[in-house]
Amino acid sequence: MAVEQGITKGDKKERKLTLSGKLYIPEVLKGMMFSLKHMFRPKVTIGYPEKPIELGPEFRGRPVLVAEKGTERCVACGLCARACPPLAISMQASETEDQKERFPERFEIDMLRCIYCGFCEEVCPEEAIVMSPEYDYNFQDRKDAVYGKDKLLKEKEEVQPRLDFLAKKRNPNFGEVYNFDPKNNIHTLRNRDEQ
Ligand code: SF4
Ligand code: SF4
C-alpha cells in the first residue's frame, strides 16, 4: 500500500475507525473465533518426519539406475552424462566377456550437484535411469554424496510406477531436440582418474 504510506493525521484518505475498531476487542474475538473454527477442521499438515510423505510417480526424487534381476539395464552410452546440466554423472564403461555387451563398470551421481531436472531420464534410450520418489537422504561428508552403483541400483519392480508414468507422459522427441553440449562429454571416470 505504497500510496497510503504518506497519509498523515487529518488527511482525507485517513480511514475512520468505528467504535468497535477503536475498542479492538471485537476484532480480537473475531480472530479467536476464526482460529477456533479451524481447530475442528480436517488437518492438512503432515507430521513429517515422524509420518513419511507418500508421493506419486510424478514426483522427481533422486535418480536411480534400473536393474533387472540384479543386472543394470544401463549400456553406458553416456547420453545421460552429456545431458546432465550440472555435470553430476560420471561413468566408466566396460564390456562383458561372453556377449560383448557394454555395461557401466562404475557409475556415479554426485547428489550434491544433482538438480532433479530429470534430463538423464528423458534422454536414456534404455529406460535405465529414472527419477525415484526418494527425497529423504543426507550425508555427513561430501564424499558420501557421490552415490555409486551400490546405492543407485533399484530393481525394476521398485520403480515400476515411475516407468508406467513415463510410458504415458514421456516426451518421445526429447532426445531428438535436446542440444547436447560437446563440452559435457568429459565424464568418464578414466578421464577423471587420469587428471
Ligand atoms: S536429474 Fe538432472 S541433474 Fe540430476 S543427474 Fe539427472 S540430469 Fe543430472
Ligand atoms: S543414458 Fe541410460 S543407458 Fe546411457 S549411460 Fe545413461 S543410464 Fe546408461
Side-chain angles (χ1 to χ4, degrees), residues 53 55-139 141-194:
I53 303 168
L55 294 160
E58 64 282 358
F59 180 76
R60 290 204 305 254
R62 79 171 174 100
V64 295
L65 287 175
V66 185
E68 288 183 76
K69 297 193 178 115
T71 308
E72 64 274 83
R73 280 181 170 183
C74 175
V75 291
C77 66
L79 279 178
C80 56
R82 288 187 69 184
C84 178
L87 311 182
I89 302 176
S90 309
M91 75 191 72
Q92 184 57 58
S94 190
E95 287 180 348
T96 54
E97 280 301 313
D98 45 353
Q99 294 171 324
K100 290 285 180 207
E101 285 195 351
R102 280 168 63 96
F103 73 97
E105 195 177 13
R106 289 161 68 192
F107 195 108
E108 291 177 358
I109 301 181
D110 187 338
M111 299 312 299
L112 285 175
R113 285 188 166 217
C114 180
I115 52 171
Y116 312 98
C117 61
F119 282 8
C120 50
E121 177 188 67
E122 293 266 10
V123 296
C124 179
E126 302 287 330
E127 290 197 328
I129 187 165
V130 293
M131 307 306 281
S132 74
E134 270 183 60
Y135 59 89
D136 189 354
Y137 50 94
N138 56 71
F139 342 95
D141 193 281
R142 293 184 80 84
K143 281 186 198 147
D144 297 344
V146 180
Y147 280 17
K149 285 203 312 183
D150 55 328
K151 288 188 182 148
L152 291 175
L153 282 171
K154 293 264 175 210
E155 275 301 315
K156 185 184 157 211
E157 289 70 28
E158 286 182 64
V159 290
Q160 192 61 52
R162 180 70 185 179
L163 290 168
D164 294 341
F165 172 79
L166 289 175
K168 284 190 220 137
K169 301 284 182 184
R170 190 179 186 187
N171 177 2
N173 302 320
F174 185 86
E176 288 168 28
V177 296
Y178 188 78
N179 187 16
F180 290 97
D181 190 340
K183 289 203 296 290
N184 279 10
N185 198 18
I186 52 165
H187 292 272
T188 69
L189 289 165
R190 186 181 292 139
N191 291 351
R192 193 184 67 185
D193 293 345
E194 282 168 2

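Ligands are counted one by one from 1 in listed order, and the atoms in each one are counted from 1 as well.
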Under a 4.0 Å N-O cut-off, is there an ion pair linking Glu134 with Lys151?
no
Salt bridge check, Arg60 against Glu121: does any charged N sit closer than 4.0 Å to a carboxylate O?
no
Go through ligand 2 atom by atom and flag the ones less than 4.0 Å from a non-hydrogen atom of [X].
| X | result |
| --- | --- |
| Val75 | 3 (S), 8 (Fe) |
| Cys80 | 1 (S), 5 (S), 6 (Fe), 7 (S) |
| Cys124 | 1 (S), 2 (Fe), 3 (S), 7 (S) |
| Cys74 | 3 (S), 5 (S), 7 (S), 8 (Fe) |
| Ile129 | 7 (S) |

Report whether any nitrogen, oxygen or sulfur of Cys77 sits less than 2.8 Å from atom 6 (Fe) of ligand 2 (N, O or S, backbone or side chain).
no
May I ask whether Val123 places a heavy atom under 4.0 Å from ligand 2?
no
Under 3.5 Å, side chain of Lys154 to main-chain N/O of Val130, donor-acceptor pair present?
no
For Glu127, does its backbone N or O pair with a side-chain atom of Arg73 as donor and acceptor, under 3.5 Å?
yes
Is Ala76 touching ligand 2 with its side chain, its backbone, both, or neither, if touching means heavy atoms under 4.0 Å apart?
backbone
Mind checking whether Met91 contacts ligand 2 via backbone (N, CA, C, O), side chain (CB onward), both or neither, at a 4.0 Å heavy-atom cut-off?
side chain
With a 4.5 Å heavy-atom cut-off, do [X] and [Y] have their side chains touching?
| X | Y | answer |
| --- | --- | --- |
| Val75 | Glu101 | no |
| Cys84 | Phe119 | no |
| Ile109 | Pro63 | yes |

Which protein N, O or S atoms lie under 2.8 Å from atom 4 (Fe) of ligand 1?
Cys114 SG
Distance in Å, Ile129 CD1 paired with Glu72 CD, rounded so as to fall on 0.5 Å steps
12.0 Å
Kindly indicate, with the supporting measurements, whether the criterion side-chain contact (heavy atoms from CB on, under 4.5 Å) is fulfilled by Arg62 and Tyr147.
CA-CA 10 Å; Arg62 79 171 174 100; Tyr147 280 17; 3.6 Å; yes
For Asp141, which residues count as a side-chain contact (heavy atoms from CB on, under 4.5 Å) partner, sequence neighbours excluded?
Lys143, Asp144
